[in-house]
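Quick note: residue numbers are just sequence positions, from 1. The basis for the numbers below is simple: all heavy atoms, side chains too, and nothing from hydrogens, waters or symmetry mates.
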Amino acid sequence: MSSVIDILLSVTFWAAAVRIASPLIFATMGELICERAGVLNLGIEGIMVIGAFSGWMAVYLGAPLWLGVATAMAAGMLFGLLHGILTVPFGLSQHVVGIGVTLLATATSYYAYRVALPEVTTPPKIEPFQPLEIPFLSDIPLVGQAFFNQTPMTYLAFVVAALTAFVLFRTPLGLAVRAAGENPAAVEAQGLSVTALRIGAVTVGSGLMAVGGAFLTLSAFSSFFFEMVNGRGWICIALVVFGAWRPGKAVLGALLFAAFDALQVRLQQTPIGAHLPYQVFLMAPYLLSILALVLMSRRSEVPAALMTPYNKGER
């Protein structure tokens with residue numbers, strides 16, 4: 001128990017938790033925007049992969065880091081547009097299309113990697129974003145080094161979460177998006193296009209998912225390798241439910257999962273780790289997340305028109 005307390009009181013633990021949560025925040029905000037508009041985007045896993053690859057490849061070919069982020073977002077928006085067109089005006093199954101987008105985006109990334117680097121056995125490295133210390137704030141005990149000595153993309157993740165909350169709940173556009181996921185007939189009655197709102201939400205949301213993937217190659221690591229997303233997309237879908245479709249709660253959920261993940265890595269290096277198989281520690285964050293999801297989701301309200309196709313003129 002003393003080992004666990006020491007870990008929880010260490011700056012490095014909380015710094016790692018914030019860093020691990022950052023890509024989850026990007027992708028969770030993207031998924032939340034999609035679902036608030038009434039579209040379940042199961043393409044999130046593949047979109048994160050294409051974002052990780054395209055951002056890294058752009059920088060590897062000589063682009064600045066921020067242009068790499070923009071490239072990743074553009075790639076994600078392209079696949080999001082595809083998802084939106086197939087599911088909204090054509091009314092195809094959101095489950096099937098989402099899985100198809102995941103497979104297509106993942107396969108495209110792997111194929112492009114092999115075509116661009118056919119002889120490479122070890123993934124090439126780039127110079128990623130470096131930690132940027134914020135004066136004065138970084139001097140706060142414990143919290144300062146954990147939250148205010150991160151890379152620029154981590155700061156951007158929290159800014160994106162704040163902007164998502166502001167737009168969704170404080171602007172007419174956000175009200176229209178939420179209405180498209182709750183009562184699309186009312187949106188049409190106001191002279192707005194449900195199709196345009198939903199496609200736009202899926203496109204923008206997918207762009208944020210791709211930026212979450214790009215975080216892995218441009219900020220957390222310095223190269224692209226297969227399986228690096230490692231199920232984070234599916235975790236983000238669960239985080240949307242955990243957060244009851246609200247950005248603030250979803251961010252807390254991402255930090256909670258990240259803390260579990262950072263804790264299991266450190267527990268493996270304690271006396272506890274000597275007596276238990278490492279697989280127990282690897283699955284612990286997911287088991288705890290499932291438990292938290294079950295407890296929180298019982299009180300959450302799903303957008304009424306989520307996964308419900310809407311054709312103009314329907315009531």
Side-chain angles (χ1 to χ4, degrees), residues 11-30 44-45 47-77 109 112-113 116-117 120 122-140 143-164 204-230 232-233 235-236 251 254-255 257-259 261-262 265:
V11 173
T12 56
F13 167 75
W14 289 108
V18 173
R19 184 170 60 252
I20 294 170
S22 298
L24 301 178
I25 292 172
F26 279 118
T28 301
M29 292 303 105
I44 182 171
E45 184 82 2
I47 291 172
M48 289 185 74
V49 173
I50 196 71
F53 169 75
S54 58
W56 170 81
M57 180 56 72
V59 175
Y60 178 71
L61 294 176
L65 286 168
W66 285 114
L67 183 56
V69 174
T71 301
M73 187 168 190
M77 292 178 73
S109 302
Y113 180 90
L117 304 167
V120 171
T122 302
K125 294 184 179 295
I126 61 170
E127 186 64 30
F129 284 102
Q130 298 301 311
L132 178 63
E133 188 174 73
I134 298 180
F136 304 112
L137 293 177
S138 61
D139 296 329
I140 301 173
V143 176
Q145 287 297 308
F147 285 89
F148 302 110
N149 190 20
Q150 299 284 349
T151 66
M153 286 196 72
T154 293
Y155 302 135
L156 179 62
F158 287 93
V159 171
V160 165
L163 284 175
T164 300
V204 172
S206 298
L208 293 179
M209 297 172 192
V211 173
F215 180 95
L216 299 174
T217 49
L218 303 183
S219 188
F221 306 106
S222 57
S223 59
F224 173 81
F225 53 90
F226 303 135
E227 307 301 334
M228 73 181 312
V229 174
N230 195 30
R232 287 179 174 87
I235 289 295
C236 293
V251 169
L255 289 169
F257 175 83
D261 199 11
V265 172

Set out, in order, the CA-CA distance, both residues' side-chain angles and the distance that settles side chain to side chain contact (heavy atoms under 4.5 Å, CB included) for Phe26 and Met153, then state yes or no. CA-CA 10 Å; Phe26 279 118; Met153 286 196 72; 4.3 Å; yes
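- Heavy atoms only, all atoms of each residue included: Ala262 and Ala17 are closest at CB-N, 4.3 Å.
- When the side chain to side chain donor-acceptor pair (under 3.5 Å) test is applied to Glu227, no partner is found at least two apart in sequence or on another chain.
- Legend: residues meeting side chain to side chain contact (heavy atoms under 4.5 Å, CB included) with Ala63, ordered by chain and number and at least two apart, are Ala58, Leu67.
- Every residue meeting the side chain to side chain contact (heavy atoms under 4.5 Å, CB included) condition with Glu127, not counting sequence neighbours, appears here in chain and number order: Gln130.
- With sequence neighbours excluded, the residues satisfying side chain to side chain contact (heavy atoms under 4.5 Å, CB included) with Val159 are Leu163.
- Counting only heavy atoms from C-beta outward, the side chains of Val251 and Leu255 approach each other to under 4.5 Å.
- Residue pairs meeting the side chain to side chain donor-acceptor pair (under 3.5 Å) criterion with at least one member in residues 50-70: none, sequence neighbours excluded.
- Thr217 places a side-chain N or O within 3.5 Å of a backbone atom of Ala52 that can act as its donor or acceptor partner.
- The CG atom of Leu137 sits 11.5 Å away from the CG atom of Asn149 when rounded to the nearest 0.5 Å.
- Counting only heavy atoms from C-beta outward, the side chains of Trp14 and Val143 never approach each other to under 4.5 Å.
- Qualifying ring-ring contact (aromatic ring centres under 6.0 Å, His included) partners for Phe53, counting only residues two or more places apart in sequence or in other chains: Phe224.
- Distance check, rounded to the nearest 0.5 Å: OG of Ser223 to CG of Leu218 gives 11.0 Å.
- Judged as a side chain to side chain donor-acceptor pair (under 3.5 Å), and not counting sequence neighbours, Ser109 has no contacts.
- From Met209, atom CE reaches atom CZ of Arg232 across 16.0 Å, with rounding to the nearest 0.5 Å.
- Using a distance-only test at 3.5 Å, with no hydrogens or angles considered, no donor-acceptor pair links the side chain of Gln145 to the main chain of Thr12.
- Across all their heavy atoms, Pro23 and Leu216 have their closest contact at CG-CD2, 4.0 Å.
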Please assess Ile134 against Phe147 for the test side chain to side chain contact (heavy atoms under 4.5 Å, CB included), listing each intermediate value before the final yes or no. CA-CA 9 Å; Ile134 298 180; Phe147 285 89; over 6 Å; no
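- To the nearest 0.5 Å, atom CE of residue Met57 and atom OG1 of residue Thr71 are 11.5 Å apart.
- Taking both residues in full, the closest heavy atoms of Ala72 and Gly51 are given as CB-O, 3.3 Å, listed atom of the first, atom of the second, then distance.
- In this structure, the ring-ring contact (aromatic ring centres under 6.0 Å, His included) partners of Phe257, at least two apart in sequence or on a different chain, are Tyr286.
- Residues Val59 and Pro64 approach most closely at CG2-O, 3.8 Å, considering heavy atoms.
- Between the CD atom of Glu133 and the CG atom of Asp139 there is a distance of 6.5 Å, given to the nearest 0.5 Å.
- Looking at every heavy atom in both residues, Tyr113 comes nearest to Pro123 through OH-CA, 3.6 Å.
- Between Val69 and Phe129 there is a side-chain heavy-atom pair separated by less than 4.5 Å.
- Not counting sequence neighbours, the partners of Ser219 by the side chain to side chain donor-acceptor pair (under 3.5 Å) test are Thr151.
- For the ring-ring contact (aromatic ring centres under 6.0 Å, His included) test, no residue two or more places apart in sequence or in another chain qualifies with Tyr155.
- Met77 is linked by a side chain to side chain contact (heavy atoms under 4.5 Å, CB included) to Met73, Thr203, counting only residues two or more places apart in sequence or in another chain.
- For Phe13, the ring-ring contact (aromatic ring centres under 6.0 Å, His included) test picks out no residue, with sequence neighbours left out.
- We find the CD1-CD1 distance between Ile25 and Ile20 to be 12.0 Å, quoted to the nearest 0.5 Å.
- When all heavy atoms of Gly76 and Ala210 are compared, the closest pair comes out as CA-CB, 3.6 Å.
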